[in-house]
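Worksheet: the structure to be examined is printed underneath.
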Amino acid sequence: MMAGQNTFINEVTAKENKLLLCLLSVSPLLCPVLPSPLFQLLLLGRSPGLFCFSCFCLLHPAGEKKMHSGRLLLEEPIRMASILEPSKPSFFPAMTKIVGTLGPKSRSVEVISACLMAGMSVARFDFSWGDIDYHQETMENLKKAVKSTKKLCASVKPGDTIFIGQYLFTGNETTSIWLEVAELKGDDVVCLVKNSATLAGSLYTLHISQIRVDLPTLSDADKDVISKWGVRNNIDFLSLSYTRHAEDVRHAREFLSKLADLRQTLIFAKIENAEGLTHFDEILREADGIIISRGNLGLDLPPEKVFLFQKAAAYKCNMAGKPAVVTRVVDSMTDNLRPTRAEATDVANAVLDGSDAILLGAETLRGLYPVETISIVGKICSEAEKVFNQDVYFKHTVKYVGQPMTHLESIASSAVRAAIKVRASVIIVFTSSGRAARLIAKYRPTMPVLSVVIPQLKTNQLRWSFTGAFEARQSLIVRGLFPMLADPRHPAESTSANNESVLKVALDHGKASGIIKSHDRVVVCQKVGDASVVKIIELED
């Protein structure tokens, strides 16, 4: 590669922040040299109609050519024979989390229990249909299932061209219709139907492509549900549908702050249209996480641009240390026991892109095989995680963070580096707020992170209460984090005997889970007085 081409790469890299806006344009040919390691996977295995060549090389100082390996590339080499080997069962099905939407086919105690055992870590309640009493009954069933399975679970509550249908952008337009506006007659819009489809069922979605709808993100009905049902059940996350501006997130947070019990509720911005994509960076700064809604967004974007947004959005979330959740991955499993080959590959690519969680909607809401769907998606995620190029990802993240690092960032990256160097089986981190654990997870360690949440005693002058349950459950949507709630009598910054007793409980939990064995090495991250300590311990028999 000539020096001029290296200069071109630097110029393009400087314009990386403008990439999301570029996704809205329709261009017949993408530039063969794309900015930063984020996009190098896009140059592999694509059709000649989109890219001029399959990979590019950089000339190193020694003069040899070396493939410029992006963090999204697979670990190499992969033994072909290993593909035929059966997967080993484990207590944690995958590091990537699975969000299941509870509905008619998945609301009984028995089915919810099976979903939890199969790997679901967050339950989603969709209030676009059903009343408060219906969802409360489902919530009570969830609580019973959590108690019987002893599996912790968090809860989340989710308002030119027109599309109408049950589930949009499935790639098979037989369940939704595509309308083209022909003329306007007063309040009536006359449209031409552009495809043949069968509309069945009681739930329909209407999406007007590329048109700004001037409606509040939280309607009065939404606020009523949150203030009643949400407060009653202490919801952990709020999924903010059709987030268009950072102001939408600020308004939602202001509303939650007035509900004392929901001040800790995390807000996940759901990006579903071009307007949200345009303001993505400012939304990410305000939100606690991002839901990449590929269904409705796929109507505003050309199909060939959707994967670009997924990769760009996941990358930005990773660097910000905020969870990225991907939707619409195995639509066919709503009615079928197995995913298509394309869907299975799509799940794996979402993991390799850096997604923290996979959100299942129709597949578990009304699907015929909710438990099997969760199980299969979890297995695919687990296999993809085995070949995730953590080494390149770690180096890229450290470089992105830059120097000087903050105190916590330095401790987190050091803990992950030490765990990888000594091949630790697990990282144990003591935390009160959950922030330290999330920072460790940001660096995507190859081993599970046991987040030992230490409850704190607080008072509002009227009553005393322990914090910690919120923080523990909210870790369930972060890739690689597995929380446990410690004895509140042992504060996170305690010393000597107290620390050792809490550590022993964590180690016993790891042994019971099968992730820690005799002679394993474990990296422990904790506070001792005012100091943060990372230590390595080797277990005896």
Side-chain angles (χ1 to χ4, degrees), residues 90-95 97 121 150-152 321 356 385 390 394 407-456 467-469 471-541:
S90 64
F91 182 79
F92 302 124
M95 308 277 269
K97 304 305 177 63
S121 58
K150 294 182 173 59
K151 294 279 188 179
L152 198 61
D356 285 79
E385 290 159 5
Q390 196 280 338
F394 181 88
H407 177 75
L408 266 182
E409 193 96 41
S410 176
I411 292 295
S413 60
S414 298
V416 174
R417 186 192 299 272
I420 293 172
K421 291 294 185 181
V422 303
R423 297 185 179 179
S425 58
V426 68
I427 298 174
I428 297 177
V429 54
F430 292 71
T431 181
S432 294
S433 66
R435 186 183 171 202
R438 290 193 297 271
L439 272 178
I440 288 176
K442 170 183 174 178
Y443 288 89
R444 294 289 189 263
T446 54
M447 64 290 298
V449 179
L450 281 184
S451 174
V452 183
V453 181
I454 312 294
Q456 290 184 321
T467 65
E471 291 80 1
R473 294 195 302 268
Q474 288 169 342
S475 298
L476 291 168
I477 205 166
V478 180
R479 180 163 160 177
L481 274 191
F482 299 93
M484 60 176 290
L485 201 57
D487 189 324
R489 292 171 296 180
H490 301 316
E493 65 277 3
S494 63
T495 57
S496 62
N498 282 347
N499 270 338
E500 293 304 316
S501 65
V502 178
L503 178 58
K504 183 180 184 303
V505 172
L507 291 173
D508 289 343
H509 176 69
K511 292 175 182 177
S513 305
I515 60 173
I516 300 177
K517 301 179 180 64
S518 298
H519 304 294
D520 276 1
R521 291 173 178 171
V522 175
V523 169
V524 180
C525 183
Q526 63 185 126
K527 288 194 71 175
V528 177
D530 294 329
S532 297
V533 176
V534 175
K535 64 180 180 181
I536 302 168
I537 61 176
E538 186 166 344
L539 302 182
E540 300 176 352
D541 290 332

Going from [atom1] on [X] to [atom2] on [Y], what distance comes out if it is rounded to the nearest 0.5 angstrom?
{"X": "F394", "Y": "K442", "atom1": "CZ", "atom2": "NZ", "result": "11.0 Å"}
{"X": "F430", "Y": "S451", "atom1": "CZ", "atom2": "OG", "result": "10.5 Å"}
{"X": "M484", "Y": "I454", "atom1": "CE", "atom2": "CD1", "result": "8.5 Å"}
{"X": "I428", "Y": "C525", "atom1": "CD1", "atom2": "SG", "result": "11.0 Å"}
{"X": "L507", "Y": "L539", "atom1": "CG", "atom2": "CG", "result": "6.0 Å"}
{"X": "L408", "Y": "R438", "atom1": "CG", "atom2": "CZ", "result": "10.5 Å"}

Within the side chain of [X], is there an N or O that forms a donor-acceptor pair under 3.5 Å with the backbone of [Y]?
{"X": "S121", "Y": "L476", "answer": "yes"}
{"X": "S410", "Y": "H407", "answer": "no"}
{"X": "E385", "Y": "M95", "answer": "yes"}
{"X": "K511", "Y": "I516", "answer": "no"}
{"X": "Q474", "Y": "G434", "answer": "no"}

Is there side-chain contact between [X] and [Y], with heavy atoms separated by less than 4.5 Å?
{"X": "V505", "Y": "H509", "result": "no"}
{"X": "I420", "Y": "Q390", "result": "yes"}
{"X": "S425", "Y": "V522", "result": "yes"}
{"X": "E540", "Y": "H519", "result": "no"}

Give the minimum heavy-atom separation between [X] and [Y], together with the two atoms involved.
{"X": "P448", "Y": "V426", "result": "O-CG2, 3.3 Å"}
{"X": "L485", "Y": "A469", "result": "CD1-N, 4.1 Å"}
{"X": "T431", "Y": "A436", "result": "OG1-N, 4.2 Å"}
{"X": "A415", "Y": "V534", "result": "CA-CG1, 4.0 Å"}

- Task: Run the salt-bridge test on D356 and R444 with the 4.0 Å N-O cut-off and return the result as yes or no.
- Result: yes

- For the pair R435 and E471, find out whether any cationic side-chain nitrogen is under 4.0 Å from an anionic carboxylate oxygen. no

- Item | Worked check of side chain to side chain contact (heavy atoms under 4.5 Å, CB included) between V452 and V429 | CA-CA 6 Å; V452 183; V429 54; over 6 Å; no

- Message: Please evaluate residues L503 and I537 with respect to the criterion side chain to side chain contact (heavy atoms under 4.5 Å, CB included), reporting the C-alpha separation (whole Å), side-chain torsions for both, the decisive distance (0.1 Å), and the verdict.
- Response: CA-CA 11 Å; L503 178 58; I537 61 176; 4.2 Å; yes

- How far apart are the C-alpha atoms of M447 and R423, what are their side-chain angles, what is the distance that settles it, and do they pass the side chain to side chain contact (heavy atoms under 4.5 Å, CB included) test? CA-CA 9 Å; M447 64 290 298; R423 297 185 179 179; over 6 Å; no

- Task: Report the C-alpha separation of E409 and L439 in whole Å, then their side-chain angles, then the decisive distance to 0.1 Å, and conclude whether the side chain to side chain contact (heavy atoms under 4.5 Å, CB included) test is met.
- Result: CA-CA 7 Å; E409 193 96 41; L439 272 178; 3.7 Å; yes

